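The shown structure was predicted, so the numbers you read here are calculated from the model rather than taken from an experiment.
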Amino acid sequence: MTMPSYAQTNRQLYAQLVREGLALDDILRVRRAHELAAELFSGFYRPSGSPFLSHLVGTASVLASLSRPVELVIAGLLHAAYIHGDFGRTRTGPSPSNRRYVRLAAGEDAESYIWRYTNLPWGDLIRGSTERLSSLDRFDKGALLIRLANELEHYLDDEILCGPNFERRRRYVAESGPKLSLSASALGVPQLAAELDRVMSRAATVDLVPGLQRETADVAYLISPPSYRKRPVLRARRLAWRAAAAARRAVGRFGRRSGTAA
């Protein structure tokens, strides 16, 4: 049985979309989303040392291989926008201004999928009863599907194992693999369930070449060029925002202690 090969570059993704029969206008929408992803994740790398943008393209490619609507493919390409994306502003995450910025490039529905992905309690859904998945609305189902495609892409070529805490990561694969596959089946995507079984089964037993795993980065990290400098006004605003957030947390802790004592 021939296993699918997923895109890792923008050109490979566009060629795949042409083979899938997408209209030119839809492929151009994907290209605009890729341009935004290249902007938000410039200099970002995975714990293995591979470009983060390749992972985003791979996730979109998985969704395209499942013949999902173009809005889901676009959302897959930008799924980490509110988690790791650098918008060059004081506020990170799904702030109103950041959401407007993503919506402009991705479209209304795709941005809604990305926002749901950011907030979805996917761990609870995976560990819970699969019957619960049938009650989700289309955006939550789409967000969960993106998460499953994201997990599949993580483990292609054993990529995510090439970081610190190798044994912990491999235990996660052994424990979570069957649940991920069941969730894909419950969403009505047997092809994805079979792919998850394939890659997770391999990742649960593979031994990597010693010395090739990174020991310093457990999550995505930034390598900025030597000339990179944050604008002084942005740096000052971010420091002020963090100080205000710390003060609010301190007030909250004091209030809780006072309430307990009373």
Side-chain angles (χ1 to χ4, degrees), residues 3-17 30-31 33-66 72-87 92 106 114 117-118 122 145-174 176-177 180 192 195-226 228:
M3 298 301 176
S5 177
Y6 300 109
Q8 291 287 291
T9 70
N10 58 331
R11 298 297 302 173
Q12 291 170 351
L13 179 60
Y14 304 153
Q16 177 186 353
L17 297 178
V30 174
R31 188 181 73 177
H34 182 274
E35 289 169 352
L36 176 58
E39 175 187 327
L40 296 180
F41 299 96
S42 177
F44 272 87
Y45 290 82
R46 301 292 310 284
S48 67
S50 64
F52 198 88
L53 189 58
S54 296
H55 163 63
L56 300 174
V57 169
T59 303
S61 178
V62 170
L63 293 162
S65 75
L66 301 173
L72 262 179
V73 175
I74 290 171
L77 192 50
L78 291 165
H79 69 266
Y82 301 138
I83 301 170
H84 296 298
D86 184 349
F87 288 84
T92 58
I114 298 164
Y117 177 91
T118 307
W122 84 278
L145 185 60
I146 293 169
R147 183 70 200 213
L148 294 172
N150 168 80
E151 291 292 301
L152 173 62
E153 210 288 330
H154 276 328
Y155 290 95
L156 293 175
D157 302 323
D158 315 311
E159 196 269 346
I160 202 168
L161 297 174
C162 301
N165 303 310
F166 172 74
E167 290 302 331
R168 175 176 63 79
R169 288 167 182 258
R170 191 152 68 172
R171 284 195 302 273
Y172 167 81
V173 173
S176 300
L180 297 173
L192 180 58
E195 276 289 88
L196 284 163
D197 277 338
R198 177 180 72 88
V199 300
M200 301 294 262
S201 295
R202 170 180 163 75
T205 59
V206 70
D207 288 319
L208 300 180
V209 178
L212 292 185
Q213 298 99 300
R214 286 184 59 89
E215 299 298 333
T216 57
D218 200 23
V219 294
Y221 62 96
L222 176 67
I223 298 179
S224 55
Y228 173 80

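- Listed by chain and number, the residues in a side chain to side chain contact (heavy atoms under 4.5 Å, CB included) with Phe44 are Phe41, Phe52, His84, Asp86, Ala220, Leu222 (sequence neighbours excluded).
- Applying the side chain to side chain contact (heavy atoms under 4.5 Å, CB included) criterion to Ser201, with sequence neighbours excluded, gives no partner residue.
- No hydrogens or angles considered: nothing links the side chains of Tyr155 and Glu195 as a donor-acceptor pair under 3.5 Å.
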Sequence neighbours left out, cut at 3.5 Å: what donor-acceptor pairs do the side chains of residues 145-153 make with other protein atoms?
{"residue": "Arg147", "atom": "NH2", "partner": "Glu151", "partner atom": "OE2", "Å": "3.3"}
{"residue": "Asn150", "atom": "OD1", "partner": "His55", "partner atom": "NE2", "Å": "2.8"}
{"residue": "Asn150", "atom": "OD1", "partner": "His79", "partner atom": "NE2", "Å": "3.1"}
{"residue": "Asn150", "atom": "ND2", "partner": "His154", "partner atom": "NE2", "Å": "3.1"}
{"residue": "Glu151", "atom": "OE1", "partner": "Tyr172", "partner atom": "OH", "Å": "2.9"}
{"residue": "Glu153", "atom": "OE1", "partner": "His55", "partner atom": "ND1", "Å": "2.6"}
{"residue": "Glu153", "atom": "OE2", "partner": "Gln8", "partner atom": "NE2", "Å": "2.9"}

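- The shortest heavy-atom contact between Ser61 and Ala7 is OG-N, 2.9 Å.
- At least one donor-acceptor pair under 3.5 Å links the side chain of Thr118 to the backbone N or O of Ile114.
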### Task
Kindly determine whether Leu77 and Thr59 satisfy side chain to side chain contact (heavy atoms under 4.5 Å, CB included), including the steps that lead there.
CA-CA 7 Å; Leu77 192 50; Thr59 303; over 6 Å; no

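- For the ring-ring contact (aromatic ring centres under 6.0 Å, His included) test, no residue two or more places apart in sequence or in another chain qualifies with His34.
- In this structure, the side chains of Phe87 and Thr92 stay at 4.5 Å or more apart for every pair of heavy atoms.
- Note that CH2 of Trp122 and OH of Tyr117 are 8.0 Å apart. Values are rounded to the nearest 0.5 Å.
- Of all heavy-atom pairs between Ala37 and Leu56, the closest is CB-CD1, 4.2 Å.
- Proximity of Ser65 to Tyr6: side-chain heavy atoms (C-beta onward) are separated by under 4.5 Å at one or more points.
- In this structure Arg202 satisfies the salt bridge (charged side-chain N to carboxylate O under 4.0 Å, His left out) test together with Asp158, sequence neighbours excluded.
- With sequence neighbours excluded, the residues forming a side chain to side chain contact (heavy atoms under 4.5 Å, CB included) with Ala106 are Ile74, Leu78, Val102, Ala110, listed by chain and number.
- For the pair Val30/Glu35, no side-chain contact is recorded, criterion being any heavy-atom separation below 4.5 Å from C-beta on.
- Between Ala64 and Gln16, the shortest heavy-atom contact is CB-NE2, 3.5 Å.
- Between Leu40 and Ala81, the shortest heavy-atom contact is CD1-CB, 3.9 Å.
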